[in-house]
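Below: the structure, in structure tokens.
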Amino acid sequence: MANAVRDVTRVAWGLFALTNVILLFGMQGLPLHVQLSLLGLLFILLACLLIRYNQLLAQWRVVGAIWLGYGILRLLSVWTHASQIPSLGDNLATFALLLATMAILSGWFSLFALAIRRDVSLAYIVMFFALGAPLIRGLVIEAGGVLNFLVGQVAGDPLSRFSITEPLVMSLSCMGTLGFISLPAHLIWLLIKELRG
Amino acid sequence: MPRNIPDNTSTAYKLNILRLPSHTSILFALIALVVLGAALASLLPGSQLCWPPIVLGMTLLPLCDFLRRPGRQISRWKMTHRQDETTAVIESELTSLGAERLPTVVSTYRRLGIHAFGSLRRAYLGLGLPLAQALSSGLKEPNSRRRDRFRAILAHELGHFLNRDVWLMWLSYGLLKMMVLVMALNLWIGLNLSLFVIENGPEVLQPEFWRALSQRMLPDVPAFDLLPVYDALYQQNPLLIERLADPTRRLENWQPFFFNLVSAHWPFAASGLVLFLIYWRRLLRVRELYADARAASLMGEAAIVLEAHTLYTTLVAFTATVSSPWERLRGWFLGLPERIPVLGKQLALHPSRRKRKACLEDPIQALGSWRWIAVSVGLAVVLLDFLLRGTLTASYIYEPGPHLPFLAAFVVFAVWLLPRVCIKGKLDHDLARQVVLIVSLFTLIKLIPHLLDAVIALLMLLGDQEAWGTAIDLWAYSMTGGFATELPRLMGAEISWPQFIEWHVVRPIAYFALLMPPTLIVFLLTDARLKQRALTWYRVGERLRHIFWGISGLLAAVLVLVIIPIYNRLLFPHIYEGWSAAVLARMAMAFAVVLVGGLLFWHCDRRMGKRCPHCDALVPSTYHLGKKCKPCDRLLHHWLIANYQSPLS
């Protein structure tokens, strides 16, 4: 069983790397349906790898690292988008954005895995309220007013700008939801464990 | 049940405090009273607001924290149950000590002494591996005094489980932790929300904003008018809307928000600090004294418990491993309150050796002095008063009024007096004096806030009444968080000065200074007298403990359902108007319960009173600890007698 898992993991990693390379270099040459198929395969492989490493992902430090990675990738995408590197053109910027998307999925999965494997619901709720309150203020200020914030009008192309509030909004919204869902679930589980003695 | 009761007439019998309500339970009840009192009071009739989030937060979150505590401790200390000889030896000794449900022995490589933890149905005995090995090798020695000392160390830890203080300790910790957490979050969100409202008020509270929002909210959908929302807001409080919409008045807007938030939360912060530092730490110390008593009971000797304590200290010193900087910092932080010059002893986490010895010699000392018990109940009641009179609560919660101080004082003092009644068996001058002293000190502490009100009222009368009136108006204004239409003119307009002093100073002081003390004294003496009578029902045996609760419960019901409603209508007719059908029904119910209870008491007294359970001979006069039936020479109520001798004897 262990050998089979190891082999499948190796294959998944290999295919994952290969698909990424194909997408990076063939982004403009390949037909759209091939690109979409490759993207689909890429996300399936990512899901397999996330499930395989769920134990590793369910740690606070990994959650932090993934969201930090997301921030760096987004910065990279903004930077490459702005600098227009001649060798790869827009490909690198788009690829960085694709990696950032995968980082988001990994970040959400790691938050989910952490909530399942460990009773962190209260920590999620506390973080959601403690950071969420100033974050909303920050978002409104960043948007330039309540009206702009509500109607979603932002200054400039979203691909060419990045703010620290971006990973915070995405991780905290997930944390808040997971926290409120998993708190009663964990409480029930704790009560069952208690009754079993 | 004690098996080895000293049967020597020269021996002074010791009270078996383990069979009576404990001081640990009293402290837990007082912590729960303060923390849950304010939250649950919002559910009482008369409350203008039901706070499901607060009530849920204050009940479910501590429960959650408490239930996951064992798992967290195991993972924090990286403890695991090992299938080795060391663990087997410790487990077999625990079984031999009489553990009904064996705690799971878990050990760790990290620096840790011996530590009993768990929840309601899960029990763990955690210990550092070097200490576990030392314990195991000591327990493997042939029967000797030294081996007994090792056994006594385990008996002490087992005592924590048998006394059920492990869950009292962590549940009270959970209650306090969640009160602090919920209130800190509430304050933080309140501050941010206030800032948000003040910063964005000038933009949002304009008709143009709602018009623009109506047009741009959903681009492909026909526009719908949101202006009525603004109109509704404006109609509700025009002055406030205009004030918040004015960008030049931001600082002026911020002040009432800030004042309201701080005054709403400081009682919780202050109460949390006092409960954590004084009550919870006291609970930790008291539970050690009870665990000592249990260990002495299990070992059949008190001196061995003190010897075991010395041995344990030595073992910990010799088996200690290097602690991490975090552990050192945590230790330093936990020990910080003990370094406060005068209060240090009151804030310690463990009792001194002298105190341990004194409590083993005279177990009743574990219940604390009459001063301490009066101060602890008085302070708890004052803290609850602060919470209920804070700006977060005072506008919405009117009950429980004086019910809680009355009830808390009666129940706790009755529980505290019970061991003394059991020892003496009669209501002598000393006991009556203690009752009067406790009630007097409690009344004095309860009156402190009212006396402060009186001082302020005096200053008002002597000073500038206009300025003081404005101060009171501002306080009332702050309760609304600055949401009132305008600064109210209460003093001198809606309420006259004589009315204010009568309602807020004279009547409360009269209530708590004139009505409460005699009532409490009469009820406590009645309670003691009835319990003393019940102590002569020798045939009832250990079931007498339930009868004690029944007596106190019956008197508490009379107090709450009959006496307090009468007093309330006597002194606060403007709040408690008339006699509703519900109040009369409750009073009738109380009378019926008293009648049934009284008949039962009389019946039991006739059937079981003053008869030896062994030979059925008549046992004259009242009970006292160590009393024997003369014809059969057997001890009466032997379950009330501790089975160990004092360390010195």
Side-chain angles (χ1 to χ4, degrees), chain A residues 55 58-61 114-154 165 168 172 175-176 179-197, chain B residues 53 56-57 59-72 75 101-104 118-123 167 174 177-178 181-182 184-206 208-219 226:
Chain A
Q55 205 168 342
Q59 293 181 70
W60 281 110
R61 68 193 89 164
L114 188 61
I116 295 278
R117 294 190 69 91
R118 283 174 57 185
D119 185 0
V120 289
S121 45
L122 187 65
Y124 277 6
I125 291 172
V126 169
M127 285 172 79
F128 174 71
F129 281 116
L131 299 176
L135 185 65
I136 297 275
R137 275 186 60 226
L139 285 173
V140 170
I141 293 167
E142 198 181 305
V146 180
L147 189 65
N148 287 345
F149 174 72
L150 288 177
V151 299
Q153 190 180 67
V154 287
T165 55
L168 277 175
L172 282 179
M175 272 188 192
F180 281 110
I181 292 171
S182 62
L183 184 73
H186 275 300
L187 184 60
I188 291 166
W189 174 238
L190 284 168
L191 283 169
I192 291 169
K193 257 174 48 178
E194 189 64 29
L195 290 172
R196 285 203 316 218
Chain B
L56 282 176
T59 48
L60 290 185
L61 290 179
L63 180 69
C64 199
D65 184 71
F66 165 69
L67 290 177
R68 67 183 178 181
R69 171 79 37 194
R72 285 169 75 102
S75 72
R101 288 179 60 211
L102 196 68
T104 311
S119 53
L120 291 168
R121 297 180 63 145
R122 284 175 293 163
W167 70 266
K177 181 179 155 185
M178 289 308 156
L181 191 69
V182 168
L185 266 184
N186 210 16
L187 176 64
W188 176 245
I189 294 166
L191 285 171
N192 276 284
L193 204 64
S194 304
L195 270 175
F196 184 84
V197 169
I198 288 159
E199 279 168 359
N200 298 296
E203 183 198 353
V204 175
L205 298 173
Q206 304 288 349
E208 291 75 31
F209 172 85
W210 297 92
R211 275 193 214 105
L213 190 64
S214 308
Q215 288 158 7
R216 289 158 66 186
M217 191 74 171
L218 299 163
L226 286 171

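Below, chain A is the first sequence line, B the second, and so on; all start at residue 1. All values reported here derive from a predicted model rather than from experimental measurement.
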Salt bridge (charged side-chain N to carboxylate O under 4.0 Å, His left out) partner of A:E194, chosen from B:R69, B:R122, B:R121, B:R68 | B:R122
Residue, of B:L60, B:L193, B:V204, B:L195, that accumulates the most heavy atom pairs under 4.5 Å with chain A | B:L195
Proximity breakdown for B:L67 and chain A, heavy-atom pairs closer than 4.5 Å = both
Please test A:L122 against B:L181 for side-chain contact (heavy atoms from CB on, under 4.5 Å), starting from the C-alpha separation and ending with a verdict.
-> CA-CA 10 Å; A:L122 187 65; B:L181 191 69; 4.2 Å; yes
Heavy-atom distances under 4.5 Å only: say whether B:L61 touches chain A with side chain, backbone, both or neither.
-> side chain
What are the two closest heavy atoms between A:D119 and B:C64, and how far apart are they?
-> OD2-SG, 4.4 Å
Can you tell me how far CG of A:L191 sits from CG of B:L63, rounded to the nearest 0.5 angstrom?
-> 5.5 Å
Distance (rounded to the nearest 0.5 Å) between A:L147 CG and B:N200 CG | 11.0 Å
Pairs meeting criterion salt bridge (Lys or Arg N to Asp or Glu O under 4.0 Å) with involvement of residues 179-192 of chain A, two or more places apart | none
Point-to-point distance, once rounded to the nearest 0.5 Å, from CZ of A:F129 to CG of B:N186 = 9.5 Å
Report yes if some heavy atom in the side chain of A:L150 is under 4.5 Å from a heavy atom in the side chain of B:F209; otherwise report no.
-> yes
Output a table of donor-acceptor pairs, distance under 3.5 Å, between side-chain atoms of residues 133-146 of chain A and any protein atom two or more places apart or on a different chain; print 'none' if there are none.
from: A:R137; atom 1: NE; to: B:E199; atom 2: OE1; distance (Å): 3.2
from: A:R137; atom 1: NH2; to: B:E199; atom 2: OE2; distance (Å): 2.7
from: A:E142; atom 1: OE1; to: A:S163; atom 2: OG; distance (Å): 3.1
from: A:E142; atom 1: OE1; to: A:T165; atom 2: OG1; distance (Å): 3.0

